2 protein chains.
Amino acid sequence: MELEHKRQEMEQALRRAGYRITGQRKAILDYLVSTLEHPGAYKIFEEVKKVQPRLSLATVYNTLHVLTENGLIKMLTLRDDNRYESNLCFHINLICTSCGKIQDFEAGTHTSPEDVREKIGFEVMGYRMEYHGLCSECKAGADQKGESG
Amino acid sequence: MELEHKRQEMEQALRRAGYRITGQRKAILDYLVSTLEHPGAYKIFEEVKKVQPRLSLATVYNTLHVLTENGLIKMLTLRDDNRYESNLCFHINLICTSCGKIQDFEAGTHTSPEDVREKIGFEVMGYRMEYHGLCSECKAGADQKGESG
DNA sequence: ATCTATGCAAACATTTTGCAGGCTG
DNA sequence: CAGCCTGCAAAATGTTTGCATAGAT
């Protein structure tokens with residue numbers, strides 16, 4: 001199964017990075033790769049608890065932290081809560097301002113709001129674009145360190 | 001002065017919406033339109049307090065809420081805190097993953113990561129695109145209400 | 001004069017931390 | 001078997017709320 005494969009890859013990545021694979025982490029990975037929702041920490045806690053009844057919220061936070069740090073999942077931060085997604089391919093997050101649902105939309109290079117409306121009926125009212133990276137100052141600092149080593 | 005003008009327009013908008021223009025709100029608007037930083041609530045509190053010493057944090061939150069609700073400012077939510085900006089023209093938020101600084105980049109229709117690097121030396125490592133609007137279900141609901149009224 | 005907005009502090013929700021013991025490798 | 005990871009509960013952080021009073025219109 002495709003998802004099973006994806007989870008196994010994530011486990012390998014964790015192992016390689018020196019982390020242990022516990023039942024809790026497995027279960028959290030399972031849930032994250034299988035859901036299309038963009039769950040928050042508490043939602044993850046509730047869902048995974050069905051499989052791991054003794055799970056604690058702190059463990060969820062710990063695991064999410066580890067996964068984020070290692071680039072295995074991404075954190076979306078909405079106005080009131082943090083959500084997580086395991087879909088790392090580039091896509092547009094469609095955020096409904098009415099019900100709060102988040103969908104992913106696979107984007108081509110020149111995807112436009114019209115494409116989104118035509119294909120899945122999502123009505124775009126506004127958008128936001130973020131680039132993450134290094135500002136010129138920080139890049140200069142990083143370059144210096146890199147050159148000297 | 002341009003900024004003064006912008007603040008006055010925001011005051012008018014608030015007045016039209018039935019809000020009162022208090023010294024605190026004026027001062028907060030003043031600060032928001034004048035800064036290029038993307039301050040969080042506490043930063044705003046600290047800065048505006050220099051002008052309005054009796055200002056309370058709750059008032060800052062209240063005002064930010066009112067301004068956001070009325071579309072006069074936008075909230076950026078980062079991983080750990082919420083930031084605000086009064087720049088409503090479309091632009092790309094350049095978020096430095098090293099120092100956390102946020103800059104705005106005026107974007108054309110086809111701005112690319114290369115443009116950003118060439119023009120201001122920001123090195124793009126990743127990006128995120130969000131569309132905000134109505135999902136198909138919510139749109140259907142809104143249409144029904146609209147038609148029956 | 002009216003009624004909203006303020007300041008203060010307590011309430012709240014969410015995330016992090018510290019410690020003793022269990023489990024992975 | 002060693003040391004990381006877990007669960008629990010308490011601590012820390014950021015935001016909201018309730019109430020009496022000041023202040024805008």
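Not measured: the values here are computed from a predicted model. Labels below follow one simple rule: chain letters A, B, ... track the order of the sequence lines, proteins then strands, and each chain is numbered from 1.
- Within the structure, every pair that satisfies the salt bridge (charged side-chain N to carboxylate O under 4.0 Å, His left out) test and touches residues 9-19 of chain B, not counting sequence neighbours, is listed here: B:Arg7-B:Glu11, B:Glu11-B:Arg15.
- A donor-acceptor pair shorter than 3.5 Å cannot be found between the side chains of B:His91 and B:Gln103.
- In terms of the side chain to side chain donor-acceptor pair (under 3.5 Å) criterion, residue partners of A:His132 (sequence neighbours excluded) are, by chain and number, A:Glu130.
- Counting heavy atoms of neighbouring residues, nucleotides and ligands inside a 6.0 Å radius, atom CD of A:Glu106 does not exceed 12 of them.
- Within residues 44-66 of chain B, the residues approaching DNA chain C are B:Arg54, B:Leu55, B:Ser56, B:Ala58, B:Thr59, B:Asn62, by heavy-atom distance under 4.0 Å.
- Exactly one residue among B:Thr35, B:Ile44, B:Ile28 makes a side chain to side chain contact (heavy atoms under 4.5 Å, CB included) with B:Tyr84. That residue is B:Ile44.
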Kindly give the atom pairs (protein nitrogen or oxygen, nucleotide nitrogen or oxygen) under 3.5 Å for nucleotides 22-25 of chain C.
| from | atom 1 | to | atom 2 | distance (Å) |
| --- | --- | --- | --- | --- |
| C:dT24 | O2 | A:Arg20 | NH1 | 3.1 |
| C:dG25 | OP1 | A:Arg15 | NH1 | 3.3 |
| C:dG25 | OP1 | A:Ile21 | N | 2.8 |

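- Shortest non-hydrogen contact noted between A:Ser112 and B:Tyr131 is C-OH, 3.7 Å.
- Sorted by first then second residue, the ring pair (Phe, Tyr, Trp, His ring centres under 6.0 Å) pairs that include residues 18-59 of chain A, not counting sequence neighbours, are A:Tyr42-A:Phe45.
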Pick out the pairs of N or O atoms, protein on one side and nucleotides 10-13 of chain C on the other, that lie under 3.5 Å.
none

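- Remark: B:Phe105 engages no residue in a ring-ring contact (aromatic ring centres under 6.0 Å, His included) (not counting sequence neighbours).
- For DNA chain D, the outermost nucleotides in 5' to 3' order that have an atom under 4.0 Å from a heavy atom of chain B are D:dG14 to D:dT25.
- One side chain, B:Gln8 or B:Glu4, offers a donor N or O that lies under 3.5 Å from an acceptor on the other.
- Using a 4.0 Å cutoff on non-hydrogen atoms, no part of residues 24-41 of chain B comes near DNA chain D.
- Residues B:Asp81 and B:Arg83 are paired through a salt bridge, judged by an N-O separation under 4.0 Å between the basic side chain and the carboxylate.
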Show me the donor-acceptor pairs within less than 3.5 Å that the side chains of residues 65-78 of chain A make with the rest of the protein, sequence neighbours left out.
| from | atom 1 | to | atom 2 | distance (Å) |
| --- | --- | --- | --- | --- |
| A:Thr68 | OG1 | A:Leu64 | O | 2.6 |
| A:Asn70 | ND2 | A:Val66 | O | 2.8 |
| A:Thr77 | OG1 | B:Thr77 | O | 2.9 |
| A:Thr77 | OG1 | B:Thr77 | OG1 | 2.3 |
| A:Thr77 | OG1 | B:Leu78 | O | 2.8 |

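- Screening residues 45-68 of chain A for salt bridge (charged side-chain N to carboxylate O under 4.0 Å, His left out), with sequence neighbours left out, gives A:Lys43-A:Glu47, A:Glu47-A:Lys50.
- Backbone-only contact: A:Asn82 has heavy atoms under 4.0 Å from sugar-phosphate atoms and none from a base.
- Pairs passing the salt bridge (charged side-chain N to carboxylate O under 4.0 Å, His left out) check and including a residue from residues 87-102 of chain B, sequence neighbours excluded, read A:Glu137-B:Lys101.
- Heavy atoms of other residues, nucleotides or ligands lying less than 6.0 angstrom from CZ of A:Phe90 number more than 12.
- Taking all atoms of both residues into account, the shortest heavy-atom contact from A:Thr111 to A:Asp115 is CA-OD2, 3.4 Å.
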